[in-house]
Protein chains: 2
Amino acid sequence: MRISEAASASGLNVDTIRFYEAKGLVPKVTRSSDGQRRFSQENVDWLTLLYWLRASGMPMKIMQRFAELYAQGDGTIAERKAILLDHAQRLERRRDDLDRCEDILNRKLEIYEEYLK
Amino acid sequence: MRISEAASASGLNVDTIRFYEAKGLVPKVTRSSDGQRRFSQENVDWLTLLYWLRASGMPMKIMQRFAELYAQGDGTIAERKAILLDHAQRLERRRDDLDRCEDILNRKLEIYEEYLK
DNA sequence: TACCGGCCTGGAGTTGCTCCAGGTCAAGAG
DNA sequence: CTCTTGACCTGGAGCAACTCCAGGCCGGTA
């Protein structure tokens, strides 16, 4: 698969994929004879995972560590699991923030409503 | 109230408050005779609102517009309401992303679990 | 054979902070 | 009354995480 296809399959854009690769976040990408990147299904699955980790606010440093472990193979699964469990807590906090913000928004909207009546 | 107090009351940090003020996001702040900022309760409430809007991902350009309307007074409440309703939709999308990411995380964790058994 | 689209790299630009240097001023310690 | 400390000021540099762009290569088509 070429980079544009990997982009639409994973949700990341072409530049972001190149950027991530340069930062070591995308192991195991091969090149065709003329130097173009070729993405396997495994690569695309990995990119898709990165897409969702980023969408939920995982910092790049942690993604980097996660990618490093992934590149090292199955022996690192325990540590990778720990990283994802940690991230799950980040999600919790994000959800709380969203709830909190929704409350504040609704209160504000009520006040506006009252004013506009 | 001085800036450090406004910071701990609103959740924003001191530098962010100054930065927001410079960008026109914080109307109605006065200065003491020696040039230091003095924040009223209204200022602090406004900063707290900004804190939550930012925490839930409102882009600065929209915050700027929102602040501009706020500075213009009550005649702009209808438009301000529209901005917040719009933002509520952004929250929805964020929540969906979080749900989606949680799914993916859980599936991944199950796979790791299986592997580690 | 001339062009076109998709890829490449290296580097500049953007957003939204965050930190720092260098300076002012008020208030308390000695 | 001077000295020091701490909180504040401004302007500007630094940073994270992209995003875009210039300039160049290559394979396929008219």
Side-chain angles (χ1 to χ4, degrees), chain A residues 1-26 29-40 43-44 46-68 83 87 90 94 97 101, chain B residues 1-26 28-40 43-44 46-68 83 87 90 93-94 97 101:
Chain A
M1 214 182 258
R2 31 182 67 220
I3 196 166
S4 59
E5 298 169 286
S8 48
S10 66
L12 293 170
N13 88 26
V14 167
D15 283 313
T16 305
I17 293 176
R18 283 198 276 255
F19 171 71
Y20 279 2
E21 204 204 1
K23 296 276 163 186
L25 266 72
V26 199
V29 178
T30 58
R31 299 279 181 139
S32 67
S33 59
D34 67 340
Q36 295 190 3
R37 293 170 184 81
R38 286 300 125 97
F39 296 84
S40 65
N43 293 151
V44 170
W46 176 252
L47 288 172
T48 307
L49 180 55
L50 291 186
Y51 173 86
W52 286 105
L53 292 178
R54 153 181 99 157
S56 54
M58 180 180 282
M60 247 192 40
K61 282 208 175 139
I62 294 174
M63 286 205 225
Q64 250 156 12
R65 177 74 188 138
F66 190 59
E68 207 177 289
I83 289 173
H87 189 58
R90 215 190 312 276
R94 284 216 155 198
D97 280 1
C101 188
Chain B
M1 214 184 258
R2 31 183 67 220
I3 196 167
S4 58
E5 298 170 286
S8 48
S10 67
L12 294 170
N13 88 26
V14 167
D15 282 314
T16 306
I17 293 176
R18 282 197 276 252
F19 171 73
Y20 279 1
E21 204 204 0
K23 295 276 162 185
L25 266 73
V26 198
K28 309 181 190 177
V29 178
T30 58
R31 299 279 181 138
S32 65
S33 60
D34 67 340
Q36 296 191 1
R37 292 169 184 82
R38 288 298 126 99
F39 295 84
S40 65
N43 293 151
V44 170
W46 176 254
L47 288 172
T48 306
L49 180 56
L50 291 186
Y51 173 84
W52 286 105
L53 293 178
R54 154 182 99 158
S56 54
M58 180 180 281
M60 247 189 43
K61 282 208 174 137
I62 294 174
M63 285 203 226
Q64 248 156 14
R65 177 73 187 139
F66 190 59
E68 205 178 291
I83 289 174
H87 189 58
R90 214 190 311 276
R93 259 175 281 128
R94 284 216 154 197
D97 280 0
C101 188

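Protein chains get the first letters and strands the later ones, always in sequence-line order, with residue 1 at the start of each.
Taking atom CD on B/Glu5 and atom C1' on D/dG6, their separation rounds to 14 Å, with Å as the unit. Per the geometry, CG belonging to A/Asp34 stands 13 Å off C1' belonging to D/dG28, to the nearest Å. Taking atom CD1 of A/Ile17 as the reference point, atom C1' of C/dT9 lies 16 Å away to the nearest angstrom. We find that CG of B/Asn13 is positioned 10 Å from P of C/dC17, with the value rounded to whole Å. Atom-to-atom, CZ of A/Phe19 to P of D/dC21 comes out at 18 Å; the value is rounded to the nearest Å. In this structure, B/Met60 places its CE atom 8 Å from P of C/dT15, rounding to the nearest Å. Between A/Arg31 atom CZ and C/dT9 atom C1' the separation is 10 Å, expressed in whole Å. Between A/Met63 atom CE and D/dA17 atom C1' the separation is 9 Å, expressed in whole Å.
Applying the 4.0 Å criterion to OP1 and OP2 of D/dC8, one finds that B/Arg37 has every side-chain N and O outside that range. B/Tyr20 has a side-chain polar atom (N or O) that falls below the 4.0 Å cut-off from OP1 or OP2 of C/dC17.
Here A/Arg38 lies out of heavy-atom contact (under 4.0 Å) with every strand. Within the 4.0 angstrom heavy-atom criterion, only backbone atoms of the sugar-phosphate kind lie near B/Lys61; the bases stay farther away. Contacts of B/Arg18 with the nucleic acid, taken as non-hydrogen atoms under 4.0 Å apart, include base atoms.
Taking CZ from B/Arg90 and CG from B/Leu53, the interatomic distance works out to 9.5 Å, rounded to the nearest 0.5 Å. In this structure, the separation between CD1 on B/Ile62 and NE2 on B/His87 is 8.5 Å, given to the nearest 0.5 Å.
Relative to the side chain of A/Thr16, the nucleotides D/dC18, C/dC8, D/dT10 differ in distance, and D/dC18 lies closest. Side-chain proximity of B/Asp15 to C/dA26, D/dT19, C/dC20: nearest is C/dC20. Ranking D/dC9, D/dC18, C/dC7 by closeness to the A/Ser4 side chain, first place goes to C/dC7.
The backbone N or O of A/Lys23 lies less than 3.5 Å from a partner atom in the side chain of A/Gln64, making a donor-acceptor pair. Checked by atom type and distance alone, the side chain of A/Asp97 never pairs as donor or acceptor with a backbone atom of A/Arg94 at under 3.5 Å.
Evaluation of the side chain to side chain contact (heavy atoms under 4.5 Å, CB included) rule for B/Thr30 yields B/Arg38 as partners, not counting sequence neighbours.
Mapping A/Glu21 and B/Met58 onto DNA chain C via the closest heavy atom, the residue that lands nearer the 5' end is A/Glu21.
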